[in-house]
Amino acid sequence: MKKITLKKSTLELVRTGPGSFRIDYERELNPAQLEAVEIVDGPVLVIAGAGTGKTRTLTYRVARLIETGLRPESILLLTFTRKAAREMLRRAAMLLDDRTERVAGGTFHSFAVSILRRHADRLKYERSFTILDQGDAEDVINLLRTRGGFAGRKRRFPRKGTLRAIFSSMMTTLTPLDVVLARDYPHFAELHDDIAALGRAYLGYKMKYNLMDYDDLLVNLVRLLESEPELREKLSSDYRYIMVDEYQDTNAIQARIVQLLGSHGNVMAVGDDSQSIYSFRGANFRNIMDFPKAFPGTRVVTLEENYRSTQPILDLTNEIIARASEKYQKQLFTSKQEGPAPAIIATENENMQSLFVVQRVLELREEGVPLSEIAVLFRAGYLSFDLEIELGKANVPFVKFGGIKFMETAHVKDIVAHLRVLENPRDVVSWHRILLLLEGVGPRTAQRVTDEITEGRLSLGPRAAERLGQFVRNKKILDLFEMLDSIRSEGIAPPDKAAVILEHYRPILKDKYDDFHKRLKDLDMFLEIAERYRSLQSLLTDLALEPPSESVADLEEEGKEREFLTLSTVHSAKGLEWHSVFVIHVLDGRFPMAASVRSDAEMEEERRLLYVACTRAKQNLYLLYPTYMYDRSTGTVLSKPSRFLDGISGNFLESFTLEVEE
């Protein structure tokens, strides 16, 4: 008897019959959202205007795909934060059932780690590689910069942060070094060969010591997919349905990952070209504009019904973006027809601008709008300094986006470094850090010990004391080795390892910091975080990719007022919303920034920034600009409102001039 093989992919195409869905999609979604959700096969681009229910659409599509009969494991949801992925899958589970827990969801970086942990050996890495954060990467670069003699030359050589940014730009945008230097760092163009040599040394160092920085995670995933066609085909087969959130924020390497994994064509990209504002991070506006070219046969679905703002605010934002040189056509609308017109307010100077904001914030609070529902947005952080002074005088509590993050604090990095050497004994960056914490240990001794480790002559274990005794006489180094050896067993849980390290570190913390009692609260928080993990590798991976955001030492003391006004750059405000929004310094030369006139592409991104700022407002929108601002960089006086408001009718924007009461 002859046999016919029924392919696995065919089984996945068996659909649930019409009328048998548990969720009433037609009732829950508007027509455009429903259209996006009902598409199963083929490439789809969803242009989701600000506040149009992008997350809702993705959530319902996950549920719909599962209800259609697809295996949850065949769905891959890529987002820019794991919190976003978890929230979407949590909502999908509430709509449907726990099958959504089997959907693969996470960031590009966390997905890359999950693949590389299984296949890093194909790239001549060990699977226990350490992930370097930005600070660690800069420290390695600085070490190589000094060791190679680049820092001591007569001509100015880039600092470690600049060098990391150069290498990152090359990797994430797939751009040669000479182009990056000519475009962003022309004053360093003559140092091309030296920078290239340092870049090669950096790559070699990471390979030798089993290290990857954030960019390596994506670059090495692409290397793996391109060099291992069988693995690529298997992964593409495993993830038959791919969804990518915030596609306008992807860089070249992320777009390449989507193309390599999405060879089957079942890719849905969701995003808004009008909110593409992160080119300084490597995001490429062209990715979303050229998606239909990358995936022929793409269906474009546009979400235009807004659930956030009033129609007067949307009328203004539609006018701002209508003047963009390249865009997907959309016209946002809402059922919230009533509301005050956006206001543009001219003030005599910067201080008058600040005084008006303080006055109106206090009035809004008396009208019943909580401070937490009010935000002041600006193009760059320094533009709020005068306002901060006036808010302080008026006793208005505020929080400004951009403080020190939990994982960037030195004391937390110290604890993590101890854990990292347990996981990857070749992690010389972490060895250097923890050795230099010890009293009486300087750079030379630390280097000697790490050389012994990397050359294989020294390791954790019973013979460490014998080897150390041959070249160092510092007992604290021996105590460190004995402490680490006592907890290196895989049978000891991460919180127990961390607790032992903390006991070792406590006297170091007390000697090193005057505010050690505050910092101890951070370390208590760290122990609480470690309690959630059974694997040291998963703990370290999560801390590297999705670190906690706040340091207890930086928070207000207990008992203080908890209601804050928000001050934020526009970049940090994307994705958020408030009842009332003030955008300050909407002044030509400040918004757009004077430096942005260098290219049409940069100018268009400035326009999108203003669009993003204005679409954060739900009920009230105030645009302010001082009519006299001296710009030291150009030697000119700035006095005109932003060029992006030129030609906009008074029907969309009500003008006011601020006067002082006599």
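Being a predicted model, the structure only gives us computed values, none of them experimental.
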d(S384 OG, L377 CG) to nearest 0.5 Å is 11.0 Å
Donor-acceptor contact below 3.5 Å, side chain N210 vs main chain E126: yes
**Item:** Side-chain heavy atoms of K574 within contact of D249, under 4.5 Å
**Value:** yes
- prompt: Hey, does the side chain of E606 reach the backbone of M593 with a donor-acceptor pair shorter than 3.5 angstrom?
  reply: yes
CA sep, side-chain torsions, deciding dist, call: K54, D272, salt bridge (Lys or Arg N to Asp or Glu O under 4.0 Å) = CA-CA 10 Å; K54 167 179 65 70; D272 184 5; over 6 Å; no
The reported gap from CG in L567 to CZ in F398 (rounded to nearest 0.5 angstrom) is 5.5 Å
I'd like to check E138 versus Q134 (side-chain heavy atoms, cut-off strictly below 4.5 Å). Are they in contact? yes
Would you say the side-chain atoms of T172 pair up with the backbone N or O of S168, donor to acceptor, closer than 3.5 Å? yes
When rounded to the nearest 0.5 Å, the distance separating CG of L478 from CE of M483 is 12.0 Å
Check step by step if side chain to side chain contact (heavy atoms under 4.5 Å, CB included) holds for L231 and R122.
CA-CA 11 Å; L231 177 61; R122 303 191 188 203; 3.9 Å; yes
Point to revise | Donor-acceptor contact present, side-chain T569 to main-chain F378, <3.5 Å | key: no
Scanning both residues in full, the closest heavy-atom pair of F150 with L144 reads CD1-O, 4.1 Å
Item to complete: Ignoring hydrogens and angles, tell me if any N or O in the side chain of R420 forms a donor-acceptor pair with the backbone of I131 under 3.5 Å.
Response: yes
Does the ring of F285 carry R608 above it, NZ/CZ under 6.0 angstrom from centre and within 45° of its axis?
yes
Minimal heavy-atom distance between K208 and E455, with the atoms involved, is NZ-OE2, 4.5 Å
TODO: Apply the test side chain to side chain contact (heavy atoms under 4.5 Å, CB included) to residues Y202 and V140: give CA-CA distance (whole Å), side-chain angles for both, the deciding distance (0.1 Å), then the verdict.
DONE: CA-CA 8 Å; Y202 179 48; V140 171; 3.8 Å; yes
Problem set entry | 4.5 Å side-chain heavy-atom contact, D213 and D216 | yes
Practice item. Take H432 and D139, measure what side chain to side chain contact (heavy atoms under 4.5 Å, CB included) needs, and give me the verdict at the end. Key: CA-CA 10 Å; H432 264 283; D139 287 344; over 6 Å; no
Check whether N287 reaches the backbone of N251 with its side chain - one donor and one acceptor, N or O, closer than 3.5 Å. yes
query = Is it true that a side-chain atom of R433 and a backbone atom of D136 form a donor plus acceptor pair closer than 3.5 Å?
reply = no
Inset, instruction - Could you tell me whether the side chain of E452 and the main chain of R457 form a donor-acceptor pair under 3.5 Å? - result: no
Quick check: do V429 and Y209 have side-chain heavy atoms less than 4.5 Å from each other? no
- Message: Does R102, at its CZ atom, have more than 12 non-hydrogen atoms belonging to other residues, nucleotides or ligands within less than 6.0 Å?
- Response: yes
Practice task
Indicate, with yes or no, if the rings of Y239 and F111 have centres closer together than 6.0 Å.
Solution key: yes
Taking every heavy atom of H411 against every heavy atom of Y505, the minimum-distance pair comes out as CA-OH, 3.4 Å
Within a strict 4.5 Å, meaning less than it, do heavy atoms of the V244 and Q254 side chains meet?
no
### Task
State whether a side-chain donor-acceptor pair under 3.5 Å links Q447 with D451.
yes
Task: Whether T173 side chain and S169 backbone form a donor-acceptor pair below 3.5 Å - done: yes
Measure the acute angle between the ring planes of H418 and H504, then classify it against the limits of 30° and 60° as parallel, tilted or perpendicular. perpendicular
- Under a 4.5 Å cut-off applied to non-hydrogen side-chain atoms, are I453 and V449 in contact? yes
Rounded to the nearest 0.5 angstrom, the CG-OH distance for L540 and Y533 is 10.0 Å
- Query: Any side-chain heavy atom of E246 within less than 4.5 Å of one from Y278?
  - Reply: no
dist L438:CG -> I508:CD1 (nearest 0.5 Å) comes out at 5.5 Å
- Message: One pair to check against side chain to side chain contact (heavy atoms under 4.5 Å, CB included): L181 and L191. What are the steps and the verdict?
- Response: CA-CA 9 Å; L181 292 178; L191 299 172; over 6 Å; no
Looking only at heavy atoms, the pair that brings I487 and L422 closest together is CD1-CD1, 3.8 Å
Between R488 and D485, does any side-chain N to carboxylate O distance fall below 4.0 Å?
yes
Closest non-hydrogen atoms of S430 and A417, given as atom of the first, atom of the second and distance, are CB-O, 3.5 Å
* Asked: Is the shortest heavy-atom distance from the side chain of F108 to the side chain of T250 under 4.5 Å?
  -> yes
Value for CG (D496) from CD (E531), rounded to nearest 0.5 Å, stands at 7.5 Å
Q. Cation over ring, R117 on F129, under 6.0 Å and within 45°?
A. yes
Review point. With under 30° as parallel and over 60° as perpendicular, where do the rings of Y214 and H109 fit, or are they tilted in between?
Key: perpendicular
Is there a donor-acceptor pair closer than 3.5 Å between any side-chain N or O of Y125 and the backbone N or O of H119? no
Between A446 and L436 the two heavy atoms that sit nearest each other are CB-CD2, 4.0 Å
